[in-house]
J.: 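Have a look at this one.
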Amino acid sequence: MASNNIVIGIAGSGGDGVISAGEILVNAASSDGLFVFMLKSFGAQIRGGESSVRVRMSSEPVATQGDKLDILVVFSWKDYLKFQSEMLLEDHVVILSDSEDSFPEENIPISANKLKNWYKVPFNQLATDAAGTSLAKNIAMLGVISELFNLPKSALEKSVKKKFSGKREDIINKNLSALKAGQNYVKKEIEKKDSVLFEYTPGDPRIVMEGNEATAFGALYAGVEFYAGYPITPSTEIMHWLSVYLPRYNGVVIQMEDELASINAVVGASFAGRKAMTATSGPGISLMSEGIGLASMAELPIVVVNVQRGGPSTGIPTKTEQADLMQAIWGSHGDSPRVVIAPSDVEDCFDCTVLAFYIAEKYQLPVIVLSDAFIGQRKESINPNRFRDLKYGFKKINRRITPTEKELEDYHRFKITKNGISPVTWPGMEKGMYQAAGIEHNEKGFPSSDVSVHARMTKKRWEKFREIKREFSFERLYGPDDAELGVIAWGSTKGAVKEAVARANANGIKVQAIIPQILYPFLIQPFHDFLRHKKRVIFVEMAYAGAFRRYLRGFIRFGDFGVETVSYRQTGGAPFTVGQIYDKIVEEYEKKDA
Amino acid sequence: MASNNIVIGIAGSGGDGVISAGEILVNAASSDGLFVFMLKSFGAQIRGGESSVRVRMSSEPVATQGDKLDILVVFSWKDYLKFQSEMLLEDHVVILSDSEDSFPEENIPISANKLKNWYKVPFNQLATDAAGTSLAKNIAMLGVISELFNLPKSALEKSVKKKFSGKREDIINKNLSALKAGQNYVKKEIEKKDSVLFEYTPGDPRIVMEGNEATAFGALYAGVEFYAGYPITPSTEIMHWLSVYLPRYNGVVIQMEDELASINAVVGASFAGRKAMTATSGPGISLMSEGIGLASMAELPIVVVNVQRGGPSTGIPTKTEQADLMQAIWGSHGDSPRVVIAPSDVEDCFDCTVLAFYIAEKYQLPVIVLSDAFIGQRKESINPNRFRDLKYGFKKINRRITPTEKELEDYHRFKITKNGISPVTWPGMEKGMYQAAGIEHNEKGFPSSDVSVHARMTKKRWEKFREIKREFSFERLYGPDDAELGVIAWGSTKGAVKEAVARANANGIKVQAIIPQILYPFLIQPFHDFLRHKKRVIFVEMAYAGAFRRYLRGFIRFGDFGVETVSYRQTGGAPFTVGQIYDKIVEEYEKKDA
Amino acid sequence: MDEVKYSLKDYKSDLKPIWCPGCGDYGVLNALMQALVKLQIPPHQMAIVSGIGCSSRLPGYLNTYGFNGIHGRAIPLATGVKLSNPDIKVIAVGGDGDGFSIGAGHIPHAARKNIDMTYIVMNNNIYGLTKGQASPTTPVGEQTKTTFYGNMDEPINPIRMMIAYKASFVARIFSGDPKNAIEVITQAIQHRGFSFVEALSPCPTFRGVEQFKLIREKVRYLPEDYQPTDEVRAFDIANDNDFIRLGVIYRQDRPIYTDIVRKMQQVSEKIGKPEILDLLKLFEP
Amino acid sequence: MDEVKYSLKDYKSDLKPIWCPGCGDYGVLNALMQALVKLQIPPHQMAIVSGIGCSSRLPGYLNTYGFNGIHGRAIPLATGVKLSNPDIKVIAVGGDGDGFSIGAGHIPHAARKNIDMTYIVMNNNIYGLTKGQASPTTPVGEQTKTTFYGNMDEPINPIRMMIAYKASFVARIFSGDPKNAIEVITQAIQHRGFSFVEALSPCPTFRGVEQFKLIREKVRYLPEDYQPTDEVRAFDIANDNDFIRLGVIYRQDRPIYTDIVRKMQQVSEKIGKPEILDLLKLFEP
Ligand SMILES: Cc1ncc(C[n+]2csc(CCOP(=O)(O)OP(=O)(O)O)c2C)c(N)n1
Ligand SMILES: Cc1ncc(C[n+]2csc(CCOP(=O)(O)OP(=O)(O)O)c2C)c(N)n1
Ligand code: SF4
Ligand code: SF4
Ligand SMILES: [Mg+2]
Ligand SMILES: [Mg+2]
C-alpha cells in the first residue's frame, strides 16, 4: 500500500532510546520538508520506566497524531502493554519487535489479523555487531524501518549525525554503521512486502518545535523582559528555554519559591514597567488566582500561561485535559477582568503568546494563555517563513501607553477614559509617582471604600472589554458556511475536529466547525454568523463537567437561532481521535431529519 | 405619623458610642418581640474614625434595612457626611443633632424640607449632668429618641442594664440616669410633634444574631469538630465565636499561618474522620482554591464558608458584593466537584451551614457556603423556637458512611458505586488502611495515570451530583405563580427582592421571584416550573460582570420558554434598596406590552 | 517492646517503589520501616502524610494510613490529622523543594507550636520529580534545567533554620548510613513534639552518581561529648562549612500542642457545656 | 550629601495617616522619612512596597512610587520590582502577620538570594487591621480575639530566623527611639543586599497602652564592643531572654542578586545575541 501519510509508533523501556529515535525520525522528515507530528508518552517512573513515541509524517499538512498506527515498533511487549489504549493499530499495521524479547507470544494482546505483518528483528544484535554497543539499537531500528517503508534515508543519515554532533567522531560513525546495518538487514533478510510504503517528494526543510518552545519563543519575540516561575509539569519547558535565551537579551528569569511568589514577582516587574510573564499548570494556576486578581485591580499587564494537565488536584501531571476554562475566566474572587486566549496547535502557541503580550500591554490587564499538555509537549514541523510576516509583529507590540507631559502635571494614574485605558508610569520616571494597589482606589490611586468610587472604577476596569471586542474578531472556520450541522470546539481539540470535519465533508456530510482563539471576552459576532445556517451544533471539549458548553450557552441564545445543541466530551488523558469526532458528526448528522 | 415600622440611623465618631447605642436599641426592641434589622458601617480608620448604625424595627417581619431613614441622629455632621449616600432620608425624617457640634449650618447638605423637623439636643450636657461623664451621651440620646418616638422604654432600661452588667453598680446607675435625663429633656424641652410615632404591642422576646454568629452556631449545631482558619474581614467573627465555644465540646480551633495552611489542615482533619470547616473571604478563598480541589479529589467532606466582600483583590474588605459565584463553582483547576449553597439572611446562615455539613458528610465532597458581608455582619431578631424543629436537625446529620466488616476484607476506599459515594475509613480504624491522594488513583487509592481509570474515577466523583439533584429541591418563591414577570436572585439580595415583589403585587403589578438556596449543582426543575407562566425575567445580582446571568443562561434555555431576560446588577458596596428593585420591576412590567 | 507483633512486611504496602535505581529514598524508606518495627507502632495508628515529589511518594509504600497531598502542604495536612486525633502517630515526609521552597512558610509555625509529629525531608538538592531544576539546597554554581548559567542562589541551611524556629528535635541522617538513620528516626518518632529529620538522600538521576560519594566524604557524626541541648552550640555546629554533621543536633522538651489543646478544652468545659440549643441564651437580647 | 535637595515635605504624600492615636507606626514612618532625607534618594527612584495590614498602609504616606499589594506578598512583589530595575531603591514594609505568618515562606528566599532591598517589619505582636487576633509574635498567655483561653503558641524570634536565613543585614529598632531608628534605617538602606529591620511598633488599640512601656523597659542597645559580623554570636545575643537588643545585630558583605544577574547576562550575551528571528535556527531539524 503506497501512502503519503504514515503513522509510526515505538514503545520500549527507558534505556531503549525510544524518544531519541522518534526525534531523529522527526528531524529527518522535517528536513525533507514533510509535515510531521510527534507525541511522547511516559510511565510514572522517572528513569527506566516505559516510554513511547508516535510519529506521523505526511506530504500534506497534518493536524493530529493520526488515530491508528501504520507501523508499530516494539522493543518490549511488556512496555507496549502500558500504552496499548493510546496506540491503536490499523488493520494493515506492520509490526516490528525485538526478536530477543522473551515475552510469551501467546500473551500478545493483538488480534491475529493484525499480527500478519509481524517481523521479529534482532535489533540488539544488529547494533552490537555494527556499533559494538546495544545502545545503538534504536538507530539500527531506524535503519530497518527506513529501508522497509521508504522513509527519508539520506535525511535520516544527516539527522543521526546531527544528533551525535559534539560527540566523538567514532561515536557518530558507529551509529551511522548501525543505521546501515539495519538497512542491510532488510535488504538481506526481509522479502519486501509493500503493505505500507511511504511515498513523497522532498521539499524545503521545515523546522521542528514543541508547543512550549513555541510559547517561550513567542514571548521572546513579543519582547518579554521578565519571567518568574516555579517548575511544574507540563509547563516547565517554557522556563527551561527562557532561562537559556532570555538573559541574552538582557531579560531576567528567576525561579521563585512557589507560584504565589512567581505571580507577585511578575506583577512587581510589570509595575516596574517591564513586559512580564509566568507559566504554570493546574495546581500552580490555582495558587496564582489571588495574584492574577491583583493585576486586574492594579491594571498591570501580565501574561500567564497555563499548560493544562489532568485534574483535579495533582491529578495526572503528564497528561492533557481542558478542564481549566472556567477557572481561567472566573478563577479569582471579585469582578476581576482578564483576557483568555487558547492556542490550538504548536504554531498557535507562538501566535497566542505574542497576541497575549499585545493585549496585556495595550489594555493593562492580565492575559491568560490556555494551552495544554497535548500541544505544549508535542512536536510539529513548521514552515520557518511563517514567522517573517506576522500581524502582531515585533515592532507592533508597543509597551503600555505613558502619560504626556501635560497629563503628568496633575497625574491620575487610573484616570477614567472612554475605553478604560489610562496612561501609566513606573518607578524611575521623574514625574508620575503613584501608588499601585490591590485595594479599591480612586483615579489618583488613593485608597477608597466609597461605594460610588467602587462603581466607577469597576466600570472603568471592564470598559476595556468593550474595546477589545471592537478590536478583535476571528475567523477560524472549517467546512462550508451553509452546513446545517456545526461543531464548536476550542484549544487543542482543533486538530481532530478539523480532520474529522474535512473527512465528513469529503464523504458528503456537510458540517462546519468554528474554533475561537480569544475565548474571553466573548466575541459573539462570529458565532452569530456561524449559526445562521445551523440547525444542530456539537460542543466538543476534553473535560467531564462540560464547562465549555455552559460557557457558550451563557453567551449565545441558541434557542433564538432554533439550534439544538449536543455536548460531546470526555475526560482528558488521551486526546480525541479523528474517528471519535467523525463518528459523532455522523451520528448527529443522521439525526437531522429525525 | 404613626408607624409600626421605623428606621433609625445614627452617625458619629469612634468615641460617640454609636454602635453601642444601636445594639442597645436592637436588644430592647427584640426583647419586646419586635422584628429588628441592624447594619453597621465604619470608615477605614481602626479607632476614632467615623461610624454609623442603622436600626429598623417593626411589628411585622422585615427583610431589609429599609431604604430611607425615618429618624437620623447626628453626633457630628462631619462624620455623617461620610455616610450620606448610605443614609438616605425620608421626606418626613426627624433629625436630632448634637447642639454642640460646630459644623457650619450652611454646609449641611440636606434639603430644607427635610430639615424641617430638626432638633438640636445637648447630648453631651445631658450626659455630663446626669452621669458625670460625656461617655454616656449615647445613652442620653437613647433616652431622647425613646421618649420622642415612643420606642420600647422599659425594655430599653433593661438593655442598658444588661449592656453594663459586670460593671460597677454606680456605672449602671449613671447610665440609667442618662437615659432618664434624655427622656426628661424631651418632656420638658420638646413640644411633641408626632411626625413619626412608633406604635406596637410587645410580644414574646426574640433573640438577636449576626449572620456570622449564625454560621458559627450552625456549625456547632451540625457537630463541627475542627476549625482551622486565618483572620479576614468580614468573616473573622465566625472564628472568634467558635474559638470560644468549640473547645467546650472537645473541638479544636486553630489559627493557622495562612489560608493555604487552613484549608489543608481542614482536609487533614477530615481525613482523620472529623467534621471540619474553615471560613474566609475574597483573597483567602482564592488562596484556598488548590486545597478545595484536593478535597474534591480525595473525596473528603469539608465545609468552606466564603463571606464575600468587595473585590477584586483586596478590594473593599468592609463592604459587601456578590462577585464570587463563579469562582465558588469553577474556582479550582480541573473537573473538581463541589456544592455551593448561598444563605439569604441571618437565619439562613444557620440553615445553610447545617445543610452544608449534611451534604459534605453524606456526599464526601467540599461544600462552599457563599455568604457575604451584608448578611454576615448584620443583626436580625429571630424567633428562638425556629431552631427546635429543623429538617437537618442534629441527629440527622450523620457522619460519612463507613465500610462494613465485609467490605473491609477487601477494602476499596474509592469503590465505584451507583451514586458515587463509597464507604470511608480513617486513621485509628483497625482495618481499612488506605492512601488518600490528590493524584489520580484507582478504587484502591493507588496512583494511576491510566486514561480509563481517570475516566471512570472522574465519572464516579461527579455521579454524586446526580444524587444530590435527586435528593434536593427548593421552593423559595415570592409572589403569584401565574405572574408573567419574574425575578431571579440569589443570596443576600433576597431581602430587597422580597419586599419589592410584595410591594409590586400590592400595587397590582404581578411579579414572582425565585431565590435558590443550593446554587450548584443546578436544580433545574424549580426553575422550569417557575418559568411556565413567565414572559420576562429579571436577573438581580450585586456584581458588575454579570456572572449570575451567564450562569443561569448556561443551564436554562430561556429561549425555549419564550422568555426575555434582563440583567439588573450593580457593583457591591451598598446593598440594593427595595426602591431600586421595585423601580426595575415597574420598568420591566411596563415593557410587557411593548 | 518485648513482643514483636509487627514485622517489616506488616509495614510494607503492595506498591513497588518506582524510584530510579540508586535513589537515596530507598534507604530512607528502609530506615523508616526498621524504626517502625523497633517501635512496634500499629500500622492503623499511623498516618504518613506527604506533599508532591519523588520523595513524597513514600507514604504509598507503607501499609499504614497515608495521604499523598499537594505540593508543599504536608505540614498543615499533618497538623489537621494530628489535632483531630492525638493518638495517631503522624509522620510527614517530602523533598527539599516541597519542604523548603513551596512549603517553607508552614514549617516555622508547626515548629513553634510544637505539634507532635515527625517531619522527614529527603534532601537531594534538586527537584527530582519535575526532572532536575534547582532546589533551595542546590549548591552554588550547579547547572540544572533552570540554571543554565550555574545556580546563583546561596543554599539554605535547614538545620539552622529549624533551630531558629525552635523546633524541639532537629537531626540529620544519611540515606547511605542505615544504622544511624534507623536510630535517629526512632528517636525522632519517640520524641514528644515537632521532630525534624533532614535525610541526605542522593538523586543519581539528576545530580549524578558522584553525589552519593561527595556526601559520604563530607558527613561526620557529632563529637562524642556533644550535648544537643544548647541551641547556640547547635546553631554553630550546623554551619556545614567543613563537615555535614549526622545525628541529633538539637533537642528540647517542652509542652506539645495537643496536650495544651486538651487542657484548654478542659478549662473550657468547666466554664460550661450546655446542650447546644441552650447556647441560644447567648443571643438573648 | 552636601546639597539638601529633598526635604521631609518632598517625601510626604497628600494622604494623612489614619493610624490610631499612639500607634507605633507613626514613629517608623517618621524615622524612615528622616533617613530618606539623610540619604537624599530622589523620590521617583524609589519604590515602597507592602502587603496588607495597618503597617502596610505606610507606602501611601510617602510621595514615592509605591505598591500596596496583597497580604503576605510584599517580598516577591519587591523582588519583581528590583530585578526589573536595579537602579530603583526598593523598600518593603509590613506587619508581623504579613511578614512572619502568611508571608513567612518568601523571606528565606529573598534573604539567601541577597536581593538588594530593605525590609522593615512593624512588629506590634498582633493583627491590627483585622482588629486584634494573635500574630506569630504574640506572647504566650495573651488573650486575643482568636485566643480566648490565652495564646498557646510559642512566638517566633524574627532576628534569629533572619540570621539562619543568611540575611546579610539584620537589625532592630524601636518606634519609641527615633534617633537610633533613623540611624539604623539609614544603614539598612545603604546596605547592598537584603537588609532586614524589625521595628518594635506598639499597637495601643489592641495590645493596650502598656505595650509601649513594656517594650521601653526591655530594650537595650548592643554592648559597646559588639561586632555584628559573627553569626553565632549574633544568634546568641538575639535570644531575647532578658533584653531586646536594638541596633545592627548582624551584617555581612556578599554579592547581591542584581549584580550576579548582570554578570550572567553578560556571559550570556557573549554566547551570542542574534536577531530574535534568527533563533529559528535552533529549531532546524
Ligand atoms: C503547586 C505545585 N507547584 C509545582 C508542582 C510541581 N512539582 C511537583 S514535585 C516538585 C518538586 C519536587 O522536588 P522535591 O520536593 O525536592 O522532591 P524530589 O522529587 O526531589 O524528591 C514540583 C515543583 C506541583 N505539583 N504543585
Ligand atoms: C489572603 C488574605 N488573608 C487575610 C487577610 C486579612 N488581613 C489583612 S491584614 C491582616 C493581618 C494584619 O496584621 P499585621 O500584618 O501584623 O499588620 P498590622 O495591622 O498589625 O500592622 C490580615 C489577616 C487578607 N487581606 N488577605
Ligand atoms: S529522579 Fe532522583 S529523586 Fe527521583 S526517583 Fe530518580 S533518583 Fe530518586
Ligand atoms: S489598630 Fe494598632 S496597629 Fe492598627 S493603627 Fe491602630 S494602633 Fe496602629
Ligand atoms: Mg528534592
Ligand atoms: Mg501586626
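The chains referred to below are lettered A, B, ... by the order of the sequence lines, with proteins before strands, and numbering in each begins at 1. All values derive from a computational prediction rather than experimental measurement.
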J.: Among A:Ile439, A:Asp335, A:Thr314, single out the residue with the greatest number of heavy-atom pairs under 4.5 Å to chain B.
T.: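 The residue among A:Ile439, A:Asp335, A:Thr314 with the greatest pair count is A:Asp335.
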
J.: Side chain, backbone, both or neither: which part of A:Ile292 has a non-hydrogen atom closer than 4.5 Å to chain B?
T.: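 Interface part for A:Ile292: neither.
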
J.: Please round to the nearest 0.5 Å and tell me the distance separating atom OG of B:Ser289 and atom CD of A:Gln327.
T.: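 So the OG of B:Ser289 and the CD of A:Gln327 are separated by 6.0 Å.
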
J.: In terms of heavy-atom pairs under 4.5 Å, which option from B:Ala545, B:Gly559, B:Gly293 contacts chain A the most?
T.: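 The candidate making the most pairs under 4.5 Å is B:Ala545.
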
J.: Let me know if A:Glu321 has heavy atoms under 4.5 Å from chain B in its side chain, its backbone, both or neither.
T.: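 A:Glu321 touches chain B through side-chain heavy atoms alone.
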
J.: So which part of B:Ile556 gets closer than 4.5 Å to some heavy atom of chain A, the side chain, the backbone, both or neither?
T.: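 For B:Ile556, backbone heavy atoms alone lie under 4.5 Å from chain A.
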
J.: Check B:Met457, B:Lys459, B:His454 against A:Thr571 for a side chain to side chain contact (heavy atoms under 4.5 Å, CB included) and give me the one that passes.
T.: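 Result: among B:Met457, B:Lys459, B:His454, B:His454 is the only option passing the side chain to side chain contact (heavy atoms under 4.5 Å, CB included) with A:Thr571.
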
J.: Relative to chain B, which of A:Ala323, A:Gly291, A:Gly573 shows the most heavy atom pairs under 4.5 Å?
T.: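 Going by pairs under 4.5 Å, I would pick A:Ala323.
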
J.: Measure the spacing between CD of A:Glu86 and CG of B:Asp450 and express it to the nearest 0.5 Å.
T.: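 The CD atom of A:Glu86 sits 8.0 Å away from the CG atom of B:Asp450.
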
J.: Tell me, side chain or backbone of B:Ile285 under 4.5 Å from chain A's heavy atoms, or both, or neither?
T.: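 Side chain of B:Ile285 only, per the 4.5 Å heavy-atom cut-off to chain A.
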
J.: I need the minimum non-hydrogen distance between A:Val451 and B:Gly572, along with the two atoms involved.
T.: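 Looking at all heavy atoms of both residues, the closest pair is CG1-O, 4.0 Å.
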
J.: NZ of B:Lys535: more than 12 outside heavy atoms within 6.0 angstrom?
T.: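 Open: at most 12 neighbouring heavy atoms sit under 6.0 Å from NZ of B:Lys535.
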
J.: Between A:Gly282, A:Ser85, A:Gly43, A:Gly562, which shows the greatest number of heavy-atom pairs under 4.5 Å with chain B?
T.: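 Among the listed options, the one with the most contacts to chain B is A:Gly282.
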
J.: Minimum heavy-atom separation for B:Tyr544 to A:Thr458, with atom names?
T.: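 Scanning both residues, the minimum pair turns out to be CB-CG2, 3.5 Å.
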
J.: What closest approach, in Å, do B:Ser313 and A:Met297 show between heavy atoms, and which atom pair accounts for it?
T.: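 Looking at all heavy atoms of both residues, the shortest contact is CB-CB, 3.7 Å.
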
J.: Would you check if B:Ser332 and A:Pro312 make a side-chain contact, meaning some heavy-atom pair closer than 4.5 Å?
T.: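 Side-chain contact under 4.5 Å: no.
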
J.: Is it possible for you to check whether B:Arg550 lies under 6.0 Å from the centre of the six-membered ring of A:Phe555, through NZ or CZ, and within 45° of that ring's axis?
T.: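 That pair qualifies as a cation-pi contact.
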
J.: A:Thr565 versus chain B, heavy atoms under 4.5 Å apart: side chain, backbone, both or neither?
T.: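 For A:Thr565, the contact with chain B is made by backbone and side chain together.
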
J.: Top residue by heavy-atom pair count (under 4.5 Å) with chain A, among B:Ala455, B:Ser448, B:Gly310?
T.: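 Sorted descending by pairs with chain A, the first entry is B:Ala455.
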
J.: So which part of A:Leu294 gets closer than 4.5 Å to some heavy atom of chain B, the side chain, the backbone, both or neither?
T.: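 Interface part for A:Leu294: both.
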
J.: Under 4.5 Å heavy-atom distance to chain B, tell me which part of A:Arg549 shows up: side chain, backbone, both or neither.
T.: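 When you check distances to chain B, no heavy atom of A:Arg549 falls under 4.5 Å.
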
J.: State, with a plain yes or no, whether a side-chain heavy atom of A:Asn306 is found less than 4.5 Å away from one of B:His333.
T.: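 With C-beta onward as the side chain, the pair stays apart.
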
J.: Among A:Gly438, A:Gly311, A:Ala437, which has the most heavy-atom pairs under 4.5 Å with chain B?
T.: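 Among the listed options, the one with the most contacts to chain B is A:Gly438.
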
J.: Please find the pair of heavy atoms, one from B:Val563 and one from A:Arg557, that lie closest to each other, and give the distance.
T.: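 B:Val563 and A:Arg557 have their closest heavy atoms at O-NH2, 3.2 Å.
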
J.: Do you know the tightest heavy-atom contact between A:Glu440 and B:Ile316?
T.: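 The pair with the smallest heavy-atom distance is CB-CG1, 3.6 Å.
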
J.: Can you see which heavy atom on B:Leu260 is nearest to which on A:Leu260, and at what distance?
T.: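 Between these two residues, the closest heavy atoms are CD1-CD1, 3.5 Å.
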
